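Step one of this worksheet: look at the structure below.
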2 protein chains.
Amino acid sequence: MPTEVAVVEEILSANDRIARENRKLLDEHGVLAVNVMASPGAGKTSLILRTIEALRDGLRLGVIEGDVAGHVDADKVAETGTPVVQINTGGGCHLDAPQIQVALQQLPLDEIDLLLVENVGNLVCPTGWDLGEHVQMMISNVPEGHDKPIKYPGMFAVVDAIVLNKIDLMPYIDFDLEAFRTAVRALNADAPLFEVSCKTGEGLEAWVEWLRQQRG
Amino acid sequence: MPTEVAVVEEILSANDRIARENRKLLDEHGVLAVNVMASPGAGKTSLILRTIEALRDGLRLGVIEGDVAGHVDADKVAETGTPVVQINTGGGCHLDAPQIQVALQQLPLDEIDLLLVENVGNLVCPTGWDLGEHVQMMISNVPEGHDKPIKYPGMFAVVDAIVLNKIDLMPYIDFDLEAFRTAVRALNADAPLFEVSCKTGEGLEAWVEWLRQQRG
């Protein structure tokens with residue numbers, strides 16, 4: 001008589017196991033977490049500051065800032081009175097779930113409705129690491145060029161929303177908006193694309209409204 | 001009587017071993033190789049095209065293009081008649097020495113004096129991987145913001161030269177040039193800093209002249 005075969009159905013990596021714990025903790029406290037990803041200098045902190053400004057009357061926000069080094073972004077967020085934790089990855093090129101786990105312990109989760117997590121500036125590595133967030137979004141930007149979806153398809157394909165920032169620079173840059181839109185759509189049929197300027201404020205309302213809806 | 005202790009003095013990683021072979025091969029053929037690193041959209045291909053334009057009368061150039069996916073950059077280089085090989089890393093966030101080893105087999109090394117290797121757009125990971133190059137350089141750029149040396153110190157600290165691109169956009173962006181210069185100098189006292197616009201051509205002569213001198 002053959003022995004019974006043990007089937008292990010769901011082997012989670014250490015990161016994914018902790019990401020699941022993070023998500024459970026966030027859910028228990030009614031916090032919606034958003035993973036904000038982009039190249040260096042795409043405007044992650046600028047978008048976070050604009051989002052705080054737009055939503056603070058209706059929602060209580062919190063921020064986790066991820067950087068290889070420094071805390072210039074966290075300082076800017078702290079000035080708004082928003083609870084913020086800075087993670088320095090050392091040489092690490094992305095945030096991971098254990099880092100978020102530690103950061104969550106430093107935040108007043110019962111006083112937060114929406115947690116914005118700014119990942120390390122990197123168009124490749126962050127997508128491979130579940131942090132326990134509920135929403136993944138990315139920022140592309142005009143000076144970076146319209147060919148980014150073709151060169152870095154992975155992130156464009158998996159995110160729930162895409163913001164194209166720095167549209168105020170369009171007159172000074174050879175950026176083919178139609179080519180960008182087409183390339184994005186070929187990779188991701190569903191994610192809304194918000195064309196904005198964090199400098200002038202143009203286009204931000206639609207992004208903020210979408211984010212508010214995710215919170216429910 | 002105690003046994004003799006074997007001391008292994010220099011344990012190279014697989015990557016470093018192949019990088020050393022690459023460097024030896026390049027040296028045998030009299031090729032100077034330059035690792036071109038930057039964020040996505042900083043202007044790596046634009047600088048390579050400008051450099052080809054400026055140096056092609058005196059030097060024979062070759063190019064290796066590294067991208068996660070696609071070959072838009074290699075196509076642009078090929079249009080200039082320069083020998084070029086495209087490496088697609090799949091999901092990989094940096095080039096490595098084995099990839100370069102394969103690419104070198106595809107290039108006419110006896111007909112190349114200067115080999116420009118465009119790394120994957122990433123300010124963090126590429127510096128950890130020796131390709132066998134002789135010169136490491138990086139491109140920062142104005143729309144990316146003046147705080148990049150503070151947030152991504154690793155690359156700024158190790159490179160032999162730094163190009164600040166897109167200075168033509170300075171009037172439209174809040175970029176503190178003095179703060180940038182100071183932050184760069186704090187990390188790297190020796191690397192020359194070239195402030196250029198690959199769009200207008202401004203400032204490129206000094207970069208090209210420096211590169212010519214590296215070739216000797």
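These figures come from a predicted structure and were not determined experimentally. So you know, we letter chains A, B, ... as the sequences are listed, proteins then strands, and number each from 1.
Atom NE2 of B:H134 has more than 12 heavy atoms from other residues, nucleotides or ligands within 6.0 Å. Annotation for B:Q106: atom CD counts as buried by contact number, over 12 foreign heavy atoms lying within 6.0 Å. The environment of CD in B:Q214 is crowded: more than 12 heavy-atom neighbours from other residues, nucleotides or ligands sit within 6.0 Å.
Pairing each heavy atom of A:K151 with each of B:D67, the nearest pair is CD-OD1, 3.5 Å. In plain terms, the two heavy atoms of A:K166 and B:E144 that are nearest each other are NZ-N, 4.3 Å.
In this structure the side chain of B:V68 never reaches within 4.5 angstrom of the side chain of A:L123, judged on heavy atoms. Side-chain contact check for A:V120 versus B:Y152: some heavy-atom pair is nearer than 4.5 Å.
Heavy-atom distances place the side chain of A:K148, and not its backbone, under 4.5 Å from chain B. Proximity to chain B is absent for every atom of A:V142, based on heavy atoms less than 4.5 angstrom apart. With a threshold of 4.5 angstrom between heavy atoms, A:V124 approaches chain B through side-chain atoms but not through N, CA, C or O.
Comparing A:G70, A:P153, A:C93, A:G154 by heavy-atom pairs within less than 4.5 Å of chain B, the highest count is held by A:C93. Of the listed residues (A:D168, A:N122, A:N88, A:T127), the greatest number of heavy-atom pairs within a distance under 4.5 Å of chain B belongs to A:N122. Contacts with chain A were tallied for B:I150, B:D147, B:T89; B:I150 has the most, counting heavy-atom pairs under 4.5 Å.
With rounding to the nearest 0.5 angstrom, the CD1 atom of B:I173 is 7.0 Å from the NZ atom of A:K199.
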